[in-house]
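Numbering of ligands and ligand atoms starts at 1, following listing order.
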Amino acid sequence: MLEKELIISQADIAGRVKELGAAISKDYAKSPLLVVGILNGSFIFMADLVREIQSDIEIDFMRVASYGMGTSSGSLRLTKDVESDIKDKDVLIVEDIIDTGRTLKYLRQSLEERGAKSVRVCALIDKKERREIDIPIDYVGFEVKSGFLVGYGLDCREQYRHFPEIYHLIDP
Ligand code: IMP
Ligand code: MG
């Protein structure tokens, strides 16, 4: 049997996503925004978050693959790029979880190199204590100290993404 412990309920997620959406709407009230969801992990968060944003947005997605085992490996590569033109746009990266920060660093660079006017980040979960690369996260849903999390888009070997709430996996 899957051993898991509930750490963030559906109601808590919904409440926090509303607040994040309100903050983003306020910050970008006067300028259009390109919201880029990072697949696969952000798919549920992204769907909920954009419906809480009242300002003008465009939506696109990117996907990164990492080589090697585990959650955070050294070598990264884009397997799906945005299809929108990024040049001179304000971009918001939407990620499920920031762990070491390597994926985020890679994504940021990729968008900045192509002339984005600004790049900000919204992450549902920040595992701050595991950070290896100091990189700012502008909008954070929840800070979690440690452990492997699943649900609300987060997976363990492509499983459990569909759980409506977030669990700490015991003995993954
Ligand atoms: P980073 O490059 O080390 O920050 O890794 C970030 C990526 O690793 C996330 O986008 C997730 O796909 C994955 N990841 C890290 N921690 C977890 C976790 O606790 N559960 C599920 N996926 C995770
Ligand atoms: Mg991810």
Side-chain angles (χ1 to χ4, degrees), residues 1-10 12-14 16-17 20-21 24 34-50 59-83 86 91-114 116 119-172:
M1 210 194 76
L2 180 69
E3 257 198 283
K4 58 186 188 351
E5 176 199 359
L6 178 72
I7 62 158
I8 311 171
S9 71
Q10 235 178 316
D12 286 351
I13 296 171
R16 192 70 191 114
V17 170
L20 291 172
I24 294 163
L34 173 62
V35 184
V36 178
I38 309 307
L39 297 170
N40 294 340
S42 78
F43 82 113
I44 297 179
F45 177 42
M46 177 81 173
D48 286 344
L49 180 69
V50 295
I59 292 173
D60 210 332
F61 294 91
M62 279 170 114
R63 187 164 183 186
V64 203
S66 63
Y67 288 95
M69 297 305 287
T71 58
S72 307
S73 79
S75 161
L76 294 164
R77 153 177 97 89
L78 274 190
T79 55
K80 190 223 171 292
D81 202 353
V82 285
E83 280 152 48
I86 314 166
V91 179
L92 180 69
I93 296 174
V94 175
E95 257 284 34
D96 52 356
I97 187 163
I98 314 292
D99 191 25
T100 62
R102 286 189 206 181
T103 309
L104 187 57
K105 184 184 174 205
Y106 176 85
L107 288 165
R108 253 201 112 90
Q109 253 171 9
S110 159
L111 293 164
E112 278 166 356
E113 270 166 19
R114 288 180 281 164
V119 180
R120 282 191 183 172
V121 182
C122 176
L124 178 66
I125 294 167
D126 183 4
K127 273 203 223 169
K128 215 173 183 172
E129 289 184 1
R130 293 204 11 113
R131 198 63 34 79
E132 288 171 16
I133 293 164
D134 190 25
I135 188 162
I137 306 176
D138 307 275
Y139 308 93
V140 175
F142 302 92
E143 268 186 34
V144 172
K145 280 199 164 59
S146 58
F148 199 82
L149 310 181
V150 295
Y152 197 69
L154 291 157
D155 75 309
C156 178
R157 296 178 207 100
E158 295 306 323
Q159 290 190 84
Y160 321 126
R161 289 196 199 272
H162 63 291
F163 293 163
E165 49 287 291
I166 296 172
Y167 293 88
H168 177 197
L169 211 58
I170 301 162
D171 252 348

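Remark: among candidates I97, I166, L39, N40, the nearest residue to atom 9 (C) of ligand 1 is I97, based on non-hydrogen atoms. The heavy atom nearest to atom 12 (O) of ligand 1, considering only D155, V150, L76, D96, is found in D96.
Under a 4.0 angstrom heavy-atom cut-off, K127 registers as being in contact with ligand 1.
Cation-pi geometry between K4 and F163 is met: under 6.0 angstrom from the ring centre, within 45 degrees of the axis.
Listed by atom number, the atoms of ligand 1 under 4.0 Å from R102 heavy atoms are 2 (O), 4 (O). Heavy-atom proximity to L149, at under 4.0 Å, picks out these atoms of ligand 1: 18 (C), 19 (O), 20 (N), 21 (C). Atoms of ligand 1 found under 4.0 Å from any heavy atom of E95, numbered from 1 in the order shown, are 10 (O). Every atom of ligand 1 is numbered from 1 in the order shown, and the set under 4.0 Å from a heavy atom of G101 is 1 (P), 3 (O), 4 (O). In summary, the atoms of ligand 1 found under 4.0 Å from a heavy atom of T103, numbered by their order in the structure, are 1 (P), 2 (O), 5 (O), 6 (C).
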Name each donor-acceptor pair under 3.5 Å that joins a side chain in residues 132-139 to protein atoms two or more places apart or in another chain, with its distance.
from: E132; atom 1: OE1; to: R102; atom 2: NE; distance (Å): 3.3
from: E132; atom 1: OE1; to: R102; atom 2: NH2; distance (Å): 2.9
from: D138; atom 1: OD2; to: V121; atom 2: N; distance (Å): 2.8
from: Y139; atom 1: OH; to: D27; atom 2: OD2; distance (Å): 2.6
from: Y139; atom 1: OH; to: R120; atom 2: NH1; distance (Å): 3.0

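Across all non-hydrogen atoms, the minimal contact from C122 to I24 is SG-CD1, 4.2 Å.
Judged as a salt bridge (charged side-chain N to carboxylate O under 4.0 Å, His left out), and not counting sequence neighbours, the contacts of R108 are E112.
Not a single N or O atom of I98, backbone or side chain, sits closer than 3.5 Å to an N or O atom of ligand 1.
A salt bridge links R114 with D81: the distance from a Lys NZ or Arg NE/NH1/NH2 to an Asp or Glu carboxylate oxygen falls below 4.0 Å.
Here CG of D99 is found 11.5 Å from CG of L104. Values are rounded to the nearest 0.5 Å.
Residue-level proximity to ligand 1 for L154 is carried by the side chain, the only part with a heavy atom below 4.0 angstrom.
Of the options D126, L124, L107, I125, a side-chain contact (heavy atoms from CB on, under 4.5 Å) to E95 is made by L107 and by none of the others.
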